[in-house]
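Okay, structure first, notes after.
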Amino acid sequence: TLQAKAANIEANGHAVIPYQDNGNPKPYGNEQRYPSSMVREDDTLFGVRLDEMVLLDLDGNKVPEAPHPRDLLAMLGLPNQTLPIQYRMLTDTLPDGSYHWLFRLPAGVDLASLKQSVNNANGLAGVDVKTGNQLIYIKAGKVLRGDTIPQLAALPEAPAILLGWITKPK
């Protein structure tokens, strides 16, 4: 259930951001934290603030010119087999081209040096990168590996190439 996913994610140390009746997330810009029990049975989604996670989002389901996942990972120097797809949309159990990979910021990387949301990163259609005070949306009906987001320390370190795509110009 969505509530079980929220509880699992909270237990792994991440900030769960429930939705309000007006369809917007509760305020989350000042490091607010909410109990996962605020995710209700009839909710269709909730947010998780990324903080020191980095989200690589490939919208191949919406953008025909988006790169193939294998090509995208190769650009980042990542072999396809070694990186679990943390979160993806399934339609009738077949992947629909939407992929989400989560990484952790490497030690010593200052969040302030990064743009927190970059669409069409590196000029790649359908490739978005988010970190910091941005949300990943956990939706009912999507497959979340292990029904949770692993603890930050268990996530793979964000590749330097990926961080380069979101680093602010000096």
Side-chain angles (χ1 to χ4, degrees), residues 5-20 23-36 38-39 45-60 62-63 66-67 69 71-79 82-89 98-139 142 144-170:
K5 289 175 182 168
N8 293 342
I9 290 168
E10 179 185 52
N12 278 340
H14 302 292
V16 169
I17 310 298
Y19 267 63
Q20 305 175 87
N24 293 317
K26 288 194 170 293
Y28 61 92
N30 293 317
E31 299 185 18
Q32 292 96 324
R33 293 184 90 87
Y34 301 93
S36 62
M38 289 179 71
V39 175
L45 80 164
F46 65 90
V48 178
R49 192 174 50 235
L50 290 169
D51 294 328
E52 294 188 4
M53 292 185 286
V54 179
L55 169 66
L56 174 60
D57 179 359
L58 173 60
D59 286 327
K62 300 177 197 155
V63 183
D71 300 334
L72 178 60
L73 295 180
M75 285 178 216
L76 296 172
L78 296 167
T82 61
L83 194 64
I85 299 164
Q86 185 58 40
Y87 188 56
R88 68 195 300 185
M89 177 71 102
S98 166
Y99 298 87
H100 300 80
W101 294 274
L102 286 167
F103 303 91
R104 64 183 156 79
L105 279 181
V109 172
D110 182 9
L111 196 55
S113 71
L114 303 175
K115 298 176 191 169
Q116 296 199 12
S117 179
V118 177
N119 295 331
N120 300 321
N122 198 39
L124 297 167
V127 176
D128 303 332
V129 184
K130 298 186 184 316
T131 189
N133 194 44
Q134 298 289 313
L135 300 180
I136 180 173
Y137 299 97
I138 307 299
K139 299 175 184 170
K142 282 202 176 190
L144 182 63
R145 179 182 294 273
D147 276 349
T148 193
I149 293 174
Q151 293 179 0
L152 187 64
L155 291 171
E157 191 172 277
I161 295 167
L162 181 63
L163 294 176
W165 292 354
I166 61 171
T167 298
K168 293 176 184 170
K170 289 201 186 334

Stepwise ring-ring contact (aromatic ring centres under 6.0 Å, His included) check, F103 with W101: CA-CA 7 Å; F103 303 91; W101 294 274; 7.9 Å; no
Intermediate values then yes/no, side-chain contact (heavy atoms from CB on, under 4.5 Å), L163 and L105: CA-CA 9 Å; L163 294 176; L105 279 181; 3.9 Å; yes
Full working for side-chain contact (heavy atoms from CB on, under 4.5 Å) between L162 and L78: CA-CA 11 Å; L162 181 63; L78 296 167; over 6 Å; no
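With rounding to the nearest 0.5 angstrom, the CG atom of L50 is 5.5 Å from the CG atom of L55. One finds the CG atom of D128 at 10.5 Å from the CD atom of Q134 (value rounded to the nearest 0.5 Å). Remark: Y137 OH to L45 CG distance equals 8.0 Å, nearest 0.5 Å. Here the straight-line distance linking atom OG1 of T131 with atom CG of L102 works out to 10.0 Å at 0.5 Å rounding. The structure places NE2 of H100 at 11.0 Å from CG of L144, a figure rounded to the nearest 0.5 Å. Here the CD1-CG distance, from I161 to N122, works out to 9.5 Å after rounding to the nearest 0.5 Å.
Side chain of Y34 to main chain of Y28: no donor-acceptor pair is present (N/O by atom type, distance under 3.5 Å, no hydrogens or angles).
With sequence neighbours excluded, the residues that form a side chain to side chain donor-acceptor pair (under 3.5 Å) with D51 are R49.
Nearest heavy-atom pair, A6 versus V39, reported as atom, atom and distance to 0.1 Å: CB-CG2, 3.8 Å. When all heavy atoms of R104 and L155 are compared, the closest pair comes out as NE-O, 2.8 Å. Of all the heavy atoms in L135 and G47, the pair that sits closest is CD1-CA, 4.4 Å. Looking at every heavy atom in both residues, F46 comes nearest to Y19 through CA-CD1, 3.9 Å.
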Check: residues 106-121 side-chain donor-acceptor pairs under 3.5 Å, at least two apart:
from	atom 1	to	atom 2	distance (Å)
D110	OD1	A112	N	3.1
S113	OG	D110	O	2.6
Q116	OE1	N133	N	2.6
S117	OG	K130	NZ	2.9
N120	OD1	G126	N	3.0

Quiz: residues 8-17 side-chain donor-acceptor pairs under 3.5 angstrom, not counting sequence neighbours:
from	atom 1	to	atom 2	distance (Å)
N8	ND2	A4	O	3.3
N8	ND2	D147	O	3.0
E10	OE1	S36	OG	2.7
E10	OE2	S36	N	3.0
N12	ND2	T148	OG1	3.2
N12	ND2	I149	O	3.0
H14	NE2	P150	O	2.7

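Remark: Q20 CD is packed, more than 12 non-hydrogen atoms of other residues, nucleotides or ligands lying under 6.0 Å away.
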